[in-house]
Amino acid sequence: MYLKKALKPNGRIYLTIVEKYRDPKDGKSKDRPVKVIGYADEYLDKYEDPVKHFKELAKKMTQEASEEKKKKLITKIIDLDEELSISDTEEKNLGYGFIKHIYKELEIDKFFKKKLEKEDTKLEVEKIFELLVFSRIINPGSKKYSYENKDFFFEKFDGFKLDDVYRALDIITKYDEELQRWIYDHSVTIYKRDLSATYFDCTNYYYDVSSPDEDEIDDEGNLLLKRYRKYGPEKNHRKDPIVELGLLMDGSGIPLSYGLFPGNESEKVHMLPIIKKAKINFGFQRTIVVADRGLNTSDNIYYLNGKNSSDNNQMDGYVYGQSIRSADKEFKDWCIKSEGYEDTIIEENGSTITFRHKSRIYPKKISVNVNIKGETKKKTITVDQKQMVYYSEKYAKKQRLEREKSINRAKDLIAHPKKYDRVSAKGASGYVRNIAYNEETGEIVSINLKLDEEKIEEEKKYDGYYSIVTSELKMDDIRLREAHRGLAKIEQTFKITKSELDTRPIYVTTNTHIEAHFTTCFTAIVLLRLLQNRLDNKYPAHQIINSLKKYRCIPEEKNIYRILSSDEILIECGKIFGDQDTTKKYRSREEIRRFLKY
């Protein structure tokens with residue numbers, strides 16, 4: 001340490017005792033204040049020479065700090081003939097401690113302890129749940145893998161066997177919806193949870209099994225239990241049974257609630273029930289639901305928002321993507337007519353772009369399903385809707401490229417139909433005329449296959465045009481576009497669950513165990529998103545996870561551990577959660593225990 005003298009504009013000398021340190025971000029040597037003294041002339045009544053006095057003080061403080069550091073030094077005798085330990089896993093992860101801080105912050109441990117008071121069980125359900133959630137983020141795998149690798153973490157996850165893990169899943173499932181509500185209630189006071197707009201989308205997760213499950217039916221043919229694992233349109237065209245998940249996310253990008261349904265059922269009919277249940281469970285009022293065009297159906301418009309004829313419609317609103325190519329002729333013609341378009345200069349991802357757009361309020365006729373005396377019938381209803389269309393050359397290039405890929409596959413399909421079936425032909429079959437399949441095998445049975453040139457030319461007309469529709473008649477075009485762009489957050493969440501958290505393939509088989517699997521996955525992704533939030537959303541999920549993985553330690557001496565790695569993210573996490581200095585090379589067992597809160 002040394003005394004730093006700074007000559008101020010007023011001619012006075014300002015004194016500070018500082019020490020040198022190396023900035024971990026750029027590796028440069030810098031000063032940081034240890035003790036602020038003030039103006040030297042303010043001490044003339046105490047010391048004959050204030051500068052000399054505080055120089056001596058800085059020297060004394062340096063000596064004291066050096067002595068204190070010596071007290072912490074440990075001399076270790078190294079046996080060069082010592083052999084490696086093969087059986088013991090000496091390297092332990094500490095990174096999960098930052099996830100655990102949020103877990104404790106939300107009092108999830110207290111949730112399970114409270115619920116287990118009602119259960120006649122001695123199972124360590126809460127400890128098992130912790131293991132499954134932390135493993136899902138930092139060391140993902142099957143339930144068996146998580147159990148067999150529980151020594152991956154610093155603290156011991158003892159007191160239960162592998163069979164207990166599977167038995168605990170039955171209890172976890174019982175409290176799934178209550179846990180979703182608990183997490184929201186305990187996070188809303190700490191984190192910004194915006195429910196004025198919510199985002200909904202669906203995805204599927206596959207099973208590495210050869211056949212789907214059969215529903216349970218009694219002797220009279222009544223359905224007793226609908227099973228999840230069914231054949232359906234898997235996102236990557238795999239031929240495996242899948243389960244569908246509908247996710248509702250708040251306006252801040254944090255998952256709010258979810259629902260599961262069998263893989264052979266349409267996502268379109270499950271959106272409203274999931275949203276309705278969430279509104280009841282969470283107790284929030286009007287929200288604007290943002291969803292992609294695949295969920296834009298007449299029922300999802302009407303039963304969410306009604307006719308929308310009132311200036312003060314208290315029903316929920318919607319922002320949906322709108323397919324132009326599958327719309328009626330009037331709408332298509334309006335989209336591609338040049339009249340009405342305006343160019344607005346906007347900022348996007350740090351760049352200035354031209355937003356070419358137009359919009360209108362339109363009385364849209366829709367055909368909805370209504371129940372009349374126990375029978376479902378169609379009824380035509382007119383709803384007021386704002387329709388906006390914009391043009392993007394970047395989007396046009398993307399559409400042309402995607403179509404060319406599909407056309408090339410379509411040509412190959414026509415030339416070699418035996419290479420394809422109903423599943424593998426997906427995407428290409430839309431450009432092939434006269435295509436037909438064997439109902440049982442899915443094989444192509446057509447012999448007069450032709451490229452659909454007429455469809456290709458028709459599609460080209462609408463390259464680059466994208467439409468969004470909404471119930472919010474007064475919402476301006478730029479805000480409408482931004483609201484819809486928020487769907488990227490939910491798509492990122494799905495990607496994280498599949499790539500970083502390894503949610504698929506799923507290994508558990510019963511409905512209750514499948515539900516518990518997604519309970520742990522949902523909790524894991526919420527905790528990860530909240531950690532991102534605490535880090536001001538500066539880092540993508542995979543970078544955070546990689547940092548948490550590498551924050552590890554190994555025993556160095558009795559009750560002393562050597563930290564193996566640190567980085568920028570870990571340093572920030574350390575500052576956020578209890579001033580943890582993650583740059584320290586050594587930690588005592590007691591320090592680590594305090595950090596991990598056990």
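Within the cation-pi definition used here (under 6.0 Å to the ring centroid, within 45° of the axis), Lys114 does not qualify as a partner of Phe111. The cationic group of Arg481 lies under 6.0 Å from the six-membered ring centre of Phe355 and within 45° of the ring axis, placing it in a cation-pi geometry. For Arg229 and Tyr207, the positive end sits near the middle of the six-membered ring, less than 6.0 Å away and at most 45° from its axis. In this structure, Lys30 fails the cation-pi test against Tyr21, since its NZ or CZ atom is not both closer than 6.0 Å to the six-membered ring centre and inside 45 degrees of the ring normal.
Using modelled atom types and a 3.5 Å distance limit, the side chains of Glu515 and Tyr228 yield a donor-acceptor pair. In this model, a donor atom of one side chain and an acceptor atom of the other lie less than 3.5 Å apart for Ser359 and Asp477. Using modelled atom types and a 3.5 Å distance limit, the side chains of Tyr145 and Asn139 yield a donor-acceptor pair. No side-chain N or O of Tyr395 forms a donor-acceptor pair with one of Glu393 less than 3.5 Å apart. Side-chain N/O atoms of Arg193 and Ser187 include a donor and acceptor closer than 3.5 Å. Of the N and O atoms on the side chains of Thr512 and Asp170, at least one donor lies less than 3.5 Å from an acceptor on the other residue. Judged by distance alone, the side chains of Tyr466 and Gln399 never bring a donor and an acceptor atom under 3.5 Å apart. With hydrogens and angles left out, the side-chain atoms of His270 and Glu244 include no donor and acceptor closer than 3.5 Å. For Thr354 and Asp343, the side-chain atoms include no donor-acceptor pair closer than 3.5 Å. Judged purely by distance below 3.5 Å, without hydrogens or angles, the side chains of Lys398 and Ser392 never pair a donor atom with an acceptor atom. Between the side chains of Lys143 and His517, at least one donor N or O lies within less than 3.5 Å of an accepting N or O. Checking Asn559 against Glu590 by side-chain atom types alone, no donor-acceptor pair falls below 3.5 Å.
Heavy-atom contacts from other residues, nucleotides or ligands closer than 6.0 Å to NZ of Lys35 number 12 or fewer. Under a cut-off of 6.0 angstrom, the local environment of CZ in Arg479 is sparse, with at most 12 non-hydrogen atoms contributed by other residues, nucleotides or ligands. Other residues, nucleotides and ligands contribute at most 12 non-hydrogen atoms within 6.0 Å of the CD atom of Gln285. Within 6.0 Å of NZ in Lys104 there are more than 12 heavy atoms belonging to other residues, nucleotides or ligands. When the shell of 6.0 Å around NZ of Lys549 is examined, it contains more than 12 heavy atoms from other residues, nucleotides or ligands. Around the NZ atom of Lys20, the shell of radius 6.0 Å holds more than 12 heavy atoms that belong to other residues, nucleotides or ligands. Heavy-atom contacts from other residues, nucleotides or ligands closer than 6.0 Å to NZ of Lys4 number 12 or fewer.
A side-chain donor-acceptor contact under 3.5 Å links Ser467 to the backbone of Met388. In this structure, the side chain of His484 does not engage the main chain of Val319 through any donor-acceptor pair within 3.5 Å.
Counting heavy atoms from C-beta outward, Ile563 and Lys585 have side chains that stay 4.5 Å or more apart. Put simply, the side chain of Phe200 does not reach to within 4.5 Å of the side chain of Val290, judged on heavy atoms. At a threshold of 4.5 Å between non-hydrogen side-chain atoms, the residues Leu564 and Lys550 do not count as touching. A 4.5 Å side-chain heavy-atom check between Arg504 and Tyr206 finds at least one atom pair inside the cut-off. Looking only at side-chain heavy atoms (C-beta outward), Leu123 and Phe160 stay at 4.5 Å or farther from each other.
Separation of atoms CD1 (Ile172) and CG (Leu132) is listed at 6.0 Å; rounding is to 0.5 Å. Put simply, CD1 on Ile571 and CG on Asp581 are 8.0 Å apart, with the number rounded to the nearest 0.5 Å. Atom CD1 in Ile99 sits 11.0 Å away from atom NE2 in His101 (nearest 0.5 Å). Ile525 contributes atom CD1, which lies 10.5 Å from atom CE of Met249 (distance to the nearest 0.5 angstrom). Arg594 contributes atom CZ, which lies 8.5 Å from atom CZ of Arg587 (distance to the nearest 0.5 angstrom). Going from atom CG of Asn93 over to atom CZ of Phe152 covers 4.0 Å, rounded to the nearest 0.5 Å.
When each of Ser266, Pro273, Cys202 is paired with Phe261, the side-chain contact (heavy atoms from CB on, under 4.5 Å) condition holds for Cys202 and for no other.
Legend: residues meeting side-chain hydrogen bond (donor to acceptor under 3.5 Å, both in side chains) with Thr497, ordered by chain and number and at least two apart, are Tyr205. Tyr2 meets the side-chain hydrogen bond (donor to acceptor under 3.5 Å, both in side chains) test with Asp31; sequence neighbours excluded.
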Please determine whether salt bridge (Lys or Arg N to Asp or Glu O under 4.0 Å) holds for the pair Lys113 and Glu126, giving the CA-CA distance in whole Å, both sets of side-chain angles, and the decisive distance to 0.1 Å. CA-CA 7 Å; Lys113 287 172 184 175; Glu126 195 279 322; 5.3 Å; no

Applying salt bridge (Lys or Arg N to Asp or Glu O under 4.0 Å) to Glu107 and Lys110, what does each step give before you reach the verdict? CA-CA 5 Å; Glu107 299 185 330; Lys110 292 182 180 179; 3.2 Å; yes

Report the C-alpha distance between Phe154 and Tyr96 in whole Å, list the side-chain angles of each, state the deciding distance to 0.1 Å, and finish with yes or no for ring pair (Phe, Tyr, Trp, His ring centres under 6.0 Å). CA-CA 9 Å; Phe154 185 87; Tyr96 76 98; 8.4 Å; no

Does the salt bridge (Lys or Arg N to Asp or Glu O under 4.0 Å) test come out yes or no for Asp250 and Lys192, once each step is laid out? CA-CA 10 Å; Asp250 70 15; Lys192 183 181 178 183; over 6 Å; no

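The shortest non-hydrogen separation linking Gly294 to Lys268 is O-CE, 3.0 Å. Of all heavy-atom pairs between Thr198 and Thr287, the closest is OG1-OG1, 3.1 Å. Between Leu501 and Ala524, the closest heavy-atom pair is CD1-CB, 4.3 Å.
The pair Lys575-Glu572 does not meet the salt-bridge criterion, since no charged nitrogen lies less than 4.0 angstrom from a carboxylate oxygen. Between Lys279 and Asp316 there is a salt bridge, since a side-chain N of the basic residue sits under 4.0 Å from a carboxylate O of the acidic one. A salt bridge is defined here as a Lys NZ or Arg NE, NH1 or NH2 lying under 4.0 Å from an Asp or Glu carboxylate O, and Arg485 with Glu348 meets this definition. Salt-bridge annotation for Glu591 and Lys584: present, with a side-chain N of the basic residue lying under 4.0 Å from a carboxylate O of the acidic one.
Between Tyr318 and Tyr320, the ring planes lie parallel to each other; the angle is under 30°, not in the 30° to 60° tilted range. Ring-plane geometry between Tyr258 and Phe522 is classed as tilted, the angle between the planes lying from 30 to 60 degrees on a 0 to 90 degree scale.
For Tyr175 and Phe129, the gap between ring centers reaches or exceeds 6.0 Å.
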What pairs of donor and acceptor atoms, side-chain ones from residues 527-536 against any protein atom, are under 3.5 angstrom apart with sequence neighbours left out?
| unit_1 | atom_1 | unit_2 | atom_2 | d |
| --- | --- | --- | --- | --- |
| Arg529 | NE | Thr493 | OG1 | 3.4 |
| Arg529 | NH1 | Gln532 | OE1 | 2.6 |
| Arg529 | NH2 | Lys489 | O | 3.3 |
| Arg529 | NH2 | Thr493 | OG1 | 2.9 |
| Gln532 | NE2 | Tyr539 | O | 3.1 |
| Arg534 | NH1 | Glu105 | OE1 | 3.2 |
| Arg534 | NH1 | Glu105 | OE2 | 2.9 |
| Arg534 | NH1 | Tyr191 | OH | 2.9 |

